Amino acid sequence: MSETLLFRGALVEGTAAADVIVDDGVIAEIGPGLSRAGATVVDVGGLVLLPGLVDLHTHLREPGYEASETILTGSRAAAAGGYSAVFAMPNTSPVADTAGVVEQELALGEAAGFVTVQPIGAVTVGQKGERLAELGAMADSRARVRVFSDDGFCVWDPLIMRRALEYAKAFDGVIAQHAQDPRLTEGAQMNEGAVSAELGLAGWPAVAEESIIARDVLLAEHVGSRLHVCHLSTAGSVDIIRWAKKRGVNVTAEVTPHHLLLTDELVRDYDARFKVNPPLRREEDVLAVREGLADGTIDIVATDHAPHPAEAKACEWHAAANGMVGLESALRVVQQAMVDTGLITWGDVARVMSREPARIGRLAGHGTPLTAGQPASLAFYDPSPRRTFTTDDLHGRSVNSPYLGRELPGDVRWTLHAGTVTVADGTLLDAPGVRA
């Protein structure tokens with residue numbers, strides 16, 4: 001029989017204080033002045049209560065690249081960041097392009113128990129862009145895949161992209177596009193602009209992203225299917241999504257925490273922690289994506305958590321791998337870039353980091369209202385502290401965070417996954433539900 005927990009005094013999505021009783025995996029009651037005989041009482045006065053966060057864009061690396069991350073270690077990192085569910089991208093080895101691989105990932109996530117791990121299926125076989133993968137078989141599998149992406153690679157062939165949109169429509173799936181024209185970014189090392197010109201590094205132009213997004217929203221409109229744009233990063237991309245939504249195109253878009261905060265100026269020191277795809281952009285782009293998230297043009301924040309072993313980053317800039325870890329820092333960065341600046345509220349954070357990612361991914365039991373009878377996937381967050389982010393804050397297998405040594409606000413104090421405690425009083429537990 002599970003333990004009954006009574007959390008006292010949480011600020012529900014940053015507003016009114018309330019008590020929360022969690023029993024048998026669900027929110028049994030929520031409101032002021034609650035009591036329950038035999039319940040374990042936890043004082044969470046002043047903490048912000050959010051629905052458990054949902055990340056639509058996580059790289060867990062398993063199977064095949066376990067030196068960087070495993071489903072277990074990535075799940076632990078997610079729980080530490082306040083997440084109760086993550087969507088695992090398919091660029092593994094073998095690629096998650098069959099029912100067998102996505103079912104294996106699902107089973108590994110269930111065995112880990114820290115978060116719900118929902119596999120994303122590849123759009124094309126081997127992510128090679130040549131022919132469609134087994135979308136229907138993955139959709140009908142036990143993993144019930146509804147998001148498909150070749151992330152890391154663009155589905156550059158317009159005919160294959162059209163066919164994917166048509167096929168996914170049959171089971172309410174969504175194609176999540178890595179918008180990058182490969183011909184316009186050959187040899188690119190960073191954002192194309194004044195800084196790349198000064199450093200003499202080959203540039204990754206904004207138009208390489210924007211041209212693919214423009215093409216794909218027109219294809220989605222023509223087919224009448226759902227399109228999701230991964231890690232949008234430029235002012236022009238925000239304008240295109242805004243235009244498409246006004247036309248009624250069924251398109252959603254995500255922005256990463258690092259594109260909300262960091263700029264290409266950080267590349268001047270050639271620190272490969274700041275090498276990422278799409279690259280860090282100009283200050284003007286950062287301000288534009290913040291505005292796009294605030295006004296609803298951009299639907300969600302997704303981490304693009306991309307772990308790499310030390311040797312993949314401790315090398316010359318041109319040889320270094322793209323990517324940053326981000327699960328443990330995401331909520332803190334969103335607080336700094338969006339909440340503390342007055343652009344969004346904690347209720348908006350619940351929407352863009354929990355409810356909308358779950359809705360886009362069609363993930364039941366997550367992003368649900370904070371009401372009685374709903375699954376108790378919850379995060380209790382303290383926005384008040386400010387401290388330096390260090391490797392002690394990282395719980396995955398890799399430490400390629402761009403925030404090491406940077407002061408960030410906030411602290412995740414408690415995380416629950418379907419009623420099971422994964423973080424207790426700021427400590428990630430050794431196993432779900434077992435106090436360290």
Side-chain angles (χ1 to χ4, degrees), residues 1-7 10 20-28 38-42 44 47 49-55 58-62 66 69-88 103-119 142-143 303 305 307 325-331 353-354 357-358 361 363-368 370 374-382 392-398 411-436:
M1 187 172 179
S2 62
E3 180 182 17
T4 300
L5 299 171
L6 170 55
F7 294 93
V20 183
I21 297 176
V22 173
D23 189 22
D24 198 25
V26 301
I27 300 173
T40 299
V41 178
V42 181
V44 290
L47 302 188
L49 170 60
L50 299 169
L53 306 184
V54 178
D55 189 18
T58 303
H59 297 273
L60 295 181
R61 304 304 192 200
E62 187 177 12
E66 289 83 358
E69 195 78 284
T70 68
I71 288 174
L72 173 59
T73 61
S75 294
R76 286 172 54 81
Y83 287 88
S84 61
V86 298
F87 284 74
E103 287 182 345
Q104 177 192 9
E105 292 177 339
L106 181 72
L108 288 169
E110 291 170 339
F114 282 90
V115 296
T116 296
V117 174
Q118 175 57 50
R142 196 172 76 84
T303 70
H305 175 81
V325 294
L327 287 166
E328 297 98 333
S329 54
L331 188 52
M353 296 188 75
S354 182
L363 186 61
H366 291 274
T368 54
L370 294 172
Q374 296 292 343
S377 291
L378 309 170
F380 295 88
Y381 181 74
D382 185 355
D392 290 340
D393 294 295
L394 300 174
H395 300 277
R397 188 160 280 187
S398 298
D411 192 21
V412 174
R413 302 303 301 169
W414 292 80
T415 308
L416 279 72
H417 172 231
T420 297
V421 176
T422 56
V423 174
D425 199 22
T427 299
L428 178 68
L429 303 186
D430 292 333
V434 178
R435 301 286 178 91

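Worth saying up front: this structure is predicted, and the values here are computed from it rather than measured.
When the options Val115, Val412, Leu331 are evaluated for a side-chain contact (heavy atoms from CB on, under 4.5 Å) with Leu53, the one that passes is Leu331.
Proximity of Phe87 to Val54: side-chain heavy atoms (C-beta onward) are separated by under 4.5 Å at one or more points. For the pair Arg413/Asp425, a side-chain contact is recorded, criterion being any heavy-atom separation below 4.5 Å from C-beta on. At least one side-chain heavy atom of Arg61 sits less than 4.5 Å from a side-chain heavy atom of Pro307. Here the side chains of Phe114 and Thr415 are not in contact, with every heavy-atom distance at 4.5 Å or above. At least one side-chain heavy atom of Leu428 sits less than 4.5 Å from a side-chain heavy atom of Arg76. Counting heavy atoms from C-beta on, the side chains of Val117 and Ser75 come closer than 4.5 Å. Here the side chains of Thr40 and Leu5 are in contact, with some heavy-atom distance below 4.5 Å. Between Thr368 and Pro51 there is no side-chain heavy-atom pair separated by less than 4.5 Å.
Ser377 contributes atom OG, which lies 13.0 Å from atom CG of Leu50 (distance to the nearest 0.5 angstrom). The CG atom of Asp55 lies 5.5 Å from the CG atom of Leu327; values are rounded to the nearest 0.5 Å. The structure places OG1 of Thr303 at 8.5 Å from CE of Met353, a figure rounded to the nearest 0.5 Å. Separating the OG1 atom in Thr70 from the CD atom in Glu62 is a distance of 5.5 Å, to the nearest 0.5 Å. Rounding to the nearest 0.5 Å places OG1 of Thr4 at 3.5 Å from CG of Asp23. To the nearest 0.5 Å, atoms CG (Leu108) and CD (Glu103) are separated by 12.0 Å.
Without hydrogens or angle criteria, Thr422 side chain to Pro432 main chain gives no donor-acceptor distance under 3.5 Å.
Residues satisfying the side chain to side chain donor-acceptor pair (under 3.5 Å) criterion with Glu110, sequence neighbours excluded, are Arg142.
Nearest heavy atoms, His417 versus Ser84: CD2-O, 3.3 Å. Counting all heavy atoms, side chain and backbone alike, Ala379 lies closest to Gly82 at CB-O, 3.7 Å. Between Ala78 and Val86 the shortest heavy-atom distance is CB-CG1, 3.7 Å. The shortest non-hydrogen separation linking Ala358 to His366 is CB-O, 3.4 Å.
Between Phe7 and Trp414, the ring planes are perpendicular. Angles over 60° get that label, and only those under 30° would be called parallel.
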Checklist entry - When you look at Ile21 and Leu6, which way does the side-chain contact (heavy atoms from CB on, under 4.5 Å) test go after all the steps? => result CA-CA 4 Å; Ile21 297 176; Leu6 170 55; 3.5 Å; yes

Item to check | Stepwise side-chain contact (heavy atoms from CB on, under 4.5 Å) test for Leu378 and Val22 | outcome: CA-CA 10 Å; Leu378 309 170; Val22 173; 4.1 Å; yes

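Judged purely by distance below 3.5 Å, without hydrogens or angles, the side chains of His305 and Glu69 pair a donor atom with an acceptor atom.
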